[in-house]
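Presented below is the structure to which this report refers.
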Amino acid sequence: MAKIINIIKGTKDILPQDVEQWHILESKALEIFSKYGYKEIRTPIFEATELFARGVGDTTDIVNKEMYTFEKSERSLTLRPENTAGVVRSFIENGMARLSAPVKLWYKGPMFRYERPQAGRQRQFHQVGVEMFGIKNAAADAEVILLAVNYLKSLGLCDLEVELNSLGCPTCREAYKSKIKEVLKPEFDNLCEDCQSRYEKNPLRLLDCKVESCKEIFAKPEIQKVIQSDFICEECAAHFEELKSYLDKLNVKYTINKLLVRGLDYYNRTVFEIKSNNLGSQNAVCGGGRYDSLVRNLGGEDTPAVGWAMGMERLNSLLPVPEPELLDGYIVSTSPADAFELAENLRTLGLKIEFDLANKKFTKQLEKASKVAKYALILGEDEIKSGTVSVKNLSTGEQVAVAKNKIAETLK
RNA sequence: GCGUCUGUCGUCAAGCGGUUAAGACCUCGGAUUGUGGUUCCGAUAUGCAUGGGUUCGAAUCCCAUCAGACGCCCCA
């Protein structure tokens, strides 16, 4: 036998028995997002590398070590590691800034990140997400969070934690960053290797280090004082307060997590995550926030925006496995031609029908019927002569002779 | 990139240096040439991820490689 070719590390087949769950995720997304006026957009799975370098940020791990990049015709192309940059690109390129704000978009599809696979993490994975452009008010942040919560609720996922934080604007964040660096400077040599590199690259990321010795350092009162201090400027604080009051009014429960930073460079002000305790260590199902400068950074008109993305595999692993769906009928017949004709007629009426293409023995056909269908439609010589079909209910064993044109009513 | 653990039929597995490599499920065939889901029989790994080694003897011990799972980093 020829050598078999295996699936690529970090990728997964979505097998027929699992696909129903995906249909649920997708149809609920369409249903719920439509109610809020969001329209689906589909962007290419590869884009110019520069889009991600400038969009996601070239200090991020996603851009630095996780992109699938390849050259073609002297262009550097990259499989999208996330879809916000692509949607923003499309927003700009298609002149959507001219549309009356807000512009509300949602998407779903595969994303690619070269990471070590583990529970809840693949190299090709799927996200569903929303983006709203053109509204700077906290009402937009609130709507987007509410939408996430309601989408999760529609899937039956209610006991999830919403965590919230504000990163402030570039101005107040810079001040905060330098304060953190200042207070940690004496401890620099005691920090772990990762933290030492984060110190320069992204001081905010220092705060949730899991190394014990670092935790101890961060727990010191003078350092905690800086971490816990409300560094954000008045405007940013007002925005955050407004968001919280909307959420309170809408009865969306949340907790403030000052250490919530998020790893993409484009966020400002609101950031949030939704977490589950049933996911192992990769416990975030949803992550998002506000990114007011991204559109401008990618060459568009200055346009405020908020959005989030959810990992569909992670959602799926929280959902119960649906029962496999049975056929309406399985035709048991010794005459394939007649079975074919009957099957086609019933399919035209919207029924799910199969019959035995291999022309096996009667008992085998019936056995198969009992495994895959609600009803066995017995079409033998006697039935063909009399123009009827014996319809057998496979769960009760009841069997009745039915005229061919009455079968559809009997099956429902 | 680093760490820990794991690779025996399509699936779940027993086996722990000497076996003919259990068993179960699935699949297929038969009992049963028009009445199933129960039952009963039968079929299905010259091979235990791959390559080396140790040994009289290896699925079992050792090494390497590959693959997978989980964790770190990071993220959905």
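Model, not experiment: these values are computed from the prediction. The sequence lines fix the lettering, A, B, ..., with proteins before strands; numbering per chain opens at 1.
Annotation: of the two residues near RNA chain B, A/Ile274 and A/Ala119, the 5′-most nearest-nucleotide partner is A/Ala119. Comparing A/Leu264 and A/Gln118 against RNA chain B, the residue whose closest nucleotide sits nearer the 5' end is A/Gln118.
Rounding to whole angstrom units, NZ of residue A/Lys364 and P of B/U27 are separated by 10 Å. Between the OH atom of A/Tyr330 and the C1' atom of B/G36 there is a distance of 12 Å, rounded to whole Å. Atom P of nucleotide B/C70 and atom CG of A/Asn278 are separated by 15 Å, given to the nearest angstrom. Taking atom CG of A/Asn359 as the reference point, atom P of B/G29 lies 13 Å away to the nearest angstrom. For the pair A/Gln365 CD and B/U32 C1', the computed distance is 15 Å after rounding to whole Å. Here the P atom of nucleotide B/G71 and the CZ atom of A/Arg121 are 9 Å apart, to the nearest Å. Rounded to whole Å, atom P of B/G36 lies 17 Å from atom CG of A/Asp356.
When the C1' atom is used for both B/G53 and B/A58, the distance is 11 Å, rounded to whole Å. Taking atom P in both B/G37 and B/A21, the straight-line distance is 34 Å, to the nearest Å. As rounded to the nearest Å, B/C41 and B/G51 have P atoms that lie 38 Å from one another.
Residues from residues 15-26 of chain A that place a heavy atom under 4.0 Å from any atom of RNA chain B: there are none. Only A/Gly397, A/Gln399, listed by number, bring a heavy atom of residues 397-407 of chain A to less than 4.0 angstrom from any atom of RNA chain B. Of the residues in residues 370-382 of chain A, A/Ser370, A/Lys371, A/Ile378, A/Gly380, A/Glu381, A/Asp382 come within less than 4.0 Å of RNA chain B through at least one heavy atom, sorted by number.
Of the candidate nucleotides B/C73, B/U35, B/A69, B/C73 has the atom nearest to the side chain of A/Gln282. Comparing B/U35, B/C72, B/C28 against the side chain of A/Leu366 picks out B/U35 as the nearest.
One finds no side-chain N or O of A/Lys9 lying less than 4.0 angstrom from the OP1 or OP2 phosphate oxygen of B/A67. Side-chain nitrogen and oxygen atoms of A/Lys360 include none within less than 4.0 Å of the OP1 or OP2 phosphate oxygen of B/U33. The phosphate of B/G30 (OP1 or OP2) has a side-chain N or O of A/Lys361 nearer than 4.0 angstrom. Residue A/Ser281 places at least one side-chain N or O closer than 4.0 Å to OP1 or OP2 of B/G71.
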Candidate pair A/Asp292 and A/Lys136, rule salt bridge (Lys or Arg N to Asp or Glu O under 4.0 Å), full reasoning: CA-CA 8 Å; A/Asp292 290 334; A/Lys136 64 179 195 310; over 6 Å; no
Apply salt bridge (Lys or Arg N to Asp or Glu O under 4.0 Å) to A/Glu325 and A/Lys352, showing your working. CA-CA 10 Å; A/Glu325 203 181 328; A/Lys352 297 189 181 88; 2.7 Å; yes
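Taking CG of A/Asp141 as the start and NE2 of A/His239 as the end, the distance is 4.0 Å to the nearest 0.5 Å.
A ring-centre distance under 6.0 Å is found for A/Phe33 and A/Trp106.
When all heavy atoms of A/Met312 and A/Trp22 are compared, the pair lying nearest together is CB-CZ3, 3.6 Å.
A cation-pi contact links A/Arg123 to A/Tyr114, judged by a cut-off of 6.0 Å to the six-membered ring centre and 45° from its axis.
A/Glu182 is linked by a side-chain contact (heavy atoms from CB on, under 4.5 Å) to nothing, counting only residues two or more places apart in sequence or in another chain. Contacts of A/Asp302 classified as salt bridge (charged side-chain N to carboxylate O under 4.0 Å, His left out), with partners at least two apart in sequence or in another chain: A/Arg296.
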Counting primed atoms plus P, OP1 and OP2 as sugar-phosphate and everything else as base, spell out the protein contacts along nucleotides 4-13 of chain B at 4.0 Å heavy-atom distance: B, S or - for each nucleotide, 5' to 3'. ----------
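In this structure, A/Phe340 places its CZ atom where only 12 or fewer heavy-atom neighbours from other residues, nucleotides or ligands lie under 6.0 Å away.
A/Lys371 and A/Glu367 are joined by a salt bridge, as a carboxylate oxygen and a charged side-chain nitrogen come within less than 4.0 angstrom of each other. Between A/Glu143 and A/Lys104 there is a salt bridge, since a side-chain N of the basic residue sits under 4.0 Å from a carboxylate O of the acidic one. The residues A/Glu40 and A/Lys108 are annotated as salt-bridged, a charged nitrogen and a carboxylate oxygen being separated by less than 4.0 angstrom.
No hydrogens or angles considered: nothing links the side chains of A/Gln127 and A/Glu82 as a donor-acceptor pair under 3.5 Å.
Side-chain atoms of A/Leu243 and A/Ile145, non-hydrogen and from C-beta on, do get closer than 4.5 Å to each other.
Among A/Asn283, A/Asn277, A/Thr255, the single residue meeting the side-chain contact (heavy atoms from CB on, under 4.5 Å) criterion with A/Glu161 is A/Thr255.
Nucleic acid contact for A/Thr334: none, since no nucleic acid atom lies under 4.0 Å from a heavy atom of the residue.
The base of B/G34 is paired with the side chain of A/Glu383 by a donor and an acceptor separated by under 3.5 Å.
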